[in-house]
Protein chains: 2
Amino acid sequence: MQTSEAHETRPTLAQVARAAGVSEITASRALRGGARVARDTLERVQEAARRLNYVPNRLAGALAGGQSRQVAVVLPSLSNSVFADVLKGLETRLEQAGHHLILGVSNYDPQREERLIAELLTWRPAGLVLAPANSTELTRQRLATADLPVAEIMDIDRPAIDLSVGLSHRGAGRAMAHYLLGRGYRRLAYLGHDITTDPRAVARRQGFEDGLAEAGVALEAALLMPGPSSVTLGSQGTARLLGGCPPGGLAVYCSNDDVAVGAFFHALSQGLSVPGDLALAGFNGLAIGQALPQPLTTIESRRERIGEHAAAGLLARMRGETVQPVDDVGFRLITGATA
Amino acid sequence: MQTSEAHETRPTLAQVARAAGVSEITASRALRGGARVARDTLERVQEAARRLNYVPNRLAGALAGGQSRQVAVVLPSLSNSVFADVLKGLETRLEQAGHHLILGVSNYDPQREERLIAELLTWRPAGLVLAPANSTELTRQRLATADLPVAEIMDIDRPAIDLSVGLSHRGAGRAMAHYLLGRGYRRLAYLGHDITTDPRAVARRQGFEDGLAEAGVALEAALLMPGPSSVTLGSQGTARLLGGCPPGGLAVYCSNDDVAVGAFFHALSQGLSVPGDLALAGFNGLAIGQALPQPLTTIESRRERIGEHAAAGLLARMRGETVQPVDDVGFRLITGATA
DNA sequence: GTGAAAGCGCTAACAT
DNA sequence: ATGTTAGCGCTTTCAC
């Protein structure tokens, strides 16, 4: 601590104990639930703590106790509302249970992800949540030997280090292929963002092509636009796509709802009818897609639930319980009106 | 990982020191920058640390050193992409500087905010960022005496506890009033979400009415919808509003872009021309508004920059520098095409 | 440039 | 039900 002269240092447990006329450890017990403490002792200690404005020092507590009540969370991005939703689910549940989040953002960069995890582990978190961004082998290895519960989220297609909470993006892609085929579409195209960094988008596309292949159908066109997904990218991408691939019974599967909404706007501004001239499907089930004049055909991804389940899984593991390694939160097709 | 039986305890600094044949303190110095350490000693220690897979324990480091390198962040919501943007700015800058975020979400509940801050302070963060949700007096008082740098963000209209980074929402509201008046609109209405919990939205509305009053104009109608802002709320609200307040030269100032986008969708589905029948303005400058077939008339709020400036301000204060108490990041009118 | 001693504020083990 | 002792793993003095 700096020696701030006039500034009386924060009260410590020792001072609370003295004020209450008990030993440090008794004060400690009293302030944590009060098991094995006499009723009036408990009250005296709490009263003293309140009077002194005592704020426990959990750095010291965690160091002495060997457990930290912080949970590290590493996400690839915050620009995408998808991860904000997951984060919300995580925060809600963990806060309820008296844990706090330390947050890192990898920007879909595996190297950065690796560094970030190493950094966050220095705080000796009680658990770690990771939405992987093509994690390096080193990262996986480190986490496997780090001796803390790890929840990998979003995706359950890949083998998990420890716990896995999410949905099968591959399955979601296939489901949409089947649905569009069922609706009678035979001219199918794919429009995506810079997919090389986003493993989930890759999985959906593969699932989609698999689903088509099962019916002997192939993509008529596929366009990958550079950069992260966005509505603008969707509009511009659609314009380019339709250049080599005229509308009229064409169905475009977009890498996610943002892109699909952009595609919808493009159709709107060009006077193309949806789904007549151009059918559209996305992924995520974002509110914006459902609020369009025509609700978007898409797949709901239950992001907040993923966060909640991941939190619950970690908490259970912290309590020493055995937890099923894979938690599939599923997905739901929203039929919408754009395909 | 599950119970690794042969689980040798994590290496400590002492072990690294021993392996390198130096004292603990020398190892400590070597691993932090290496000031006052001989060149080859430094290399030996780093090499030993690498070999042992040493992960420093910052709980211990912070406890001993009296400073934590964690920064607490309390936001009212994550559902709104606005705060995700701010968070991103914060994370980027703080991570760069070797700090980490502990996150709490208040849900616009002052009581919860109060509890959350108390909780987060137990980790002895080096600083705190707060996007206030009608903070209680107790909260303000505690922060004022907590002896750590505090950055209140979003809003600079109210007196700051310590640092204040954001823009004048009141000013933004006024600016929009002046702009709409300048465009010739005389029939003005307001459409908002449940504003009682969102102090910034309140300030914008007041500024808007002030701006109108300066020209002797009054609101023709104001409608507050229950619940948090959303596109759907915007659509439904517009439908209701137009019931008692027919279109035709009417301009609606929406509490934010989400609501305005909803209003736009409503107009679209009703065949109302924008801005002819119905002019629309929002606040935030979200990407979705600018990606509409007609870009939204709105005010850009520079959220990421707010996060970055808040981080920079805190970092400066941590270095002991004096910092100007109010940092106005300003705003920018986006004229758009909906008004 | 390096080290010895002392302690940060708390809790886990053992007492009693 | 309460207290004593001994650390947790690191960094801050202050020596040399």
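Computed over heavy atoms, backbone and side chain alike; hydrogens, waters and symmetry mates excluded. Being a predicted model, the structure only gives us computed values, none of them experimental. Order of the sequence lines sets the chain letters (A, B, ...), proteins ahead of strands, with each chain counted from 1.
A distance-only check finds no donor-acceptor pair linking the side chain of A:R115 to the backbone of A:Q111 [under 3.5 Å].
When the P atom of D:dA1 is taken as reference, atom CZ of A:R44 falls 14 Å away, rounded to whole Å. Rounded to whole Å, the distance from CZ on B:R36 to P on D:dA15 is 15 Å. A:R69 places its CZ atom 23 Å from the P atom of D:dC8, with the value rounded to the nearest Å. B:R18 places its CZ atom 16 Å from the C1' atom of C:dG3, with the value rounded to the nearest Å.
Between B:L63 and B:R39, it is B:R39 whose nearest contact on DNA chain C lies nearer the 5' terminus.
Contact annotation: A:S23 side-chain N/O to D:dG3 OP1/OP2 distance is under 4.0 Å. When the side-chain nitrogen and oxygen atoms of B:T41 are compared with OP1 and OP2 of C:dT2, one or more of them lie within a distance under 4.0 Å.
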Protein-nucleotides 10-13 of chain C N/O pairs closer than 3.5 Å?
{"residue": "C:dC10", "atom": "OP1", "partner": "A:Y54", "partner atom": "OH", "Å": "2.3"}
{"residue": "C:dC10", "atom": "OP1", "partner": "A:N57", "partner atom": "N", "Å": "3.3"}
{"residue": "C:dC10", "atom": "OP2", "partner": "A:L13", "partner atom": "N", "Å": "2.3"}
{"residue": "C:dT11", "atom": "OP2", "partner": "A:S28", "partner atom": "OG", "Å": "2.3"}

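Put simply, the residue from B:V71, B:L116, B:V74, B:V73 that forms a side-chain contact (heavy atoms from CB on, under 4.5 Å) with B:L103 is B:V73.
With respect to B:R302 and B:E308, no salt bridge is recorded, no charged nitrogen being found less than 4.0 Å from a carboxylate O.
The 12-atom threshold is not exceeded at CD of A:Q67, counting heavy atoms of other residues, nucleotides or ligands nearer than 6.0 Å.
The closest side-chain donor-acceptor pair between A:S135 and A:E113 falls under 3.5 angstrom.
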Donor-acceptor contacts, no H, no angles, side chain residues 123-133 of chain A, under 3.5 Å, sequence neighbours left out:
{"residue": "A:W123", "atom": "NE1", "partner": "B:H100", "partner atom": "ND1", "Å": "3.0"}
{"residue": "A:R124", "atom": "NH1", "partner": "A:L121", "partner atom": "O", "Å": "3.2"}
{"residue": "A:R124", "atom": "NH1", "partner": "B:P56", "partner atom": "O", "Å": "3.3"}
{"residue": "A:R124", "atom": "NH2", "partner": "B:V55", "partner atom": "O", "Å": "2.8"}

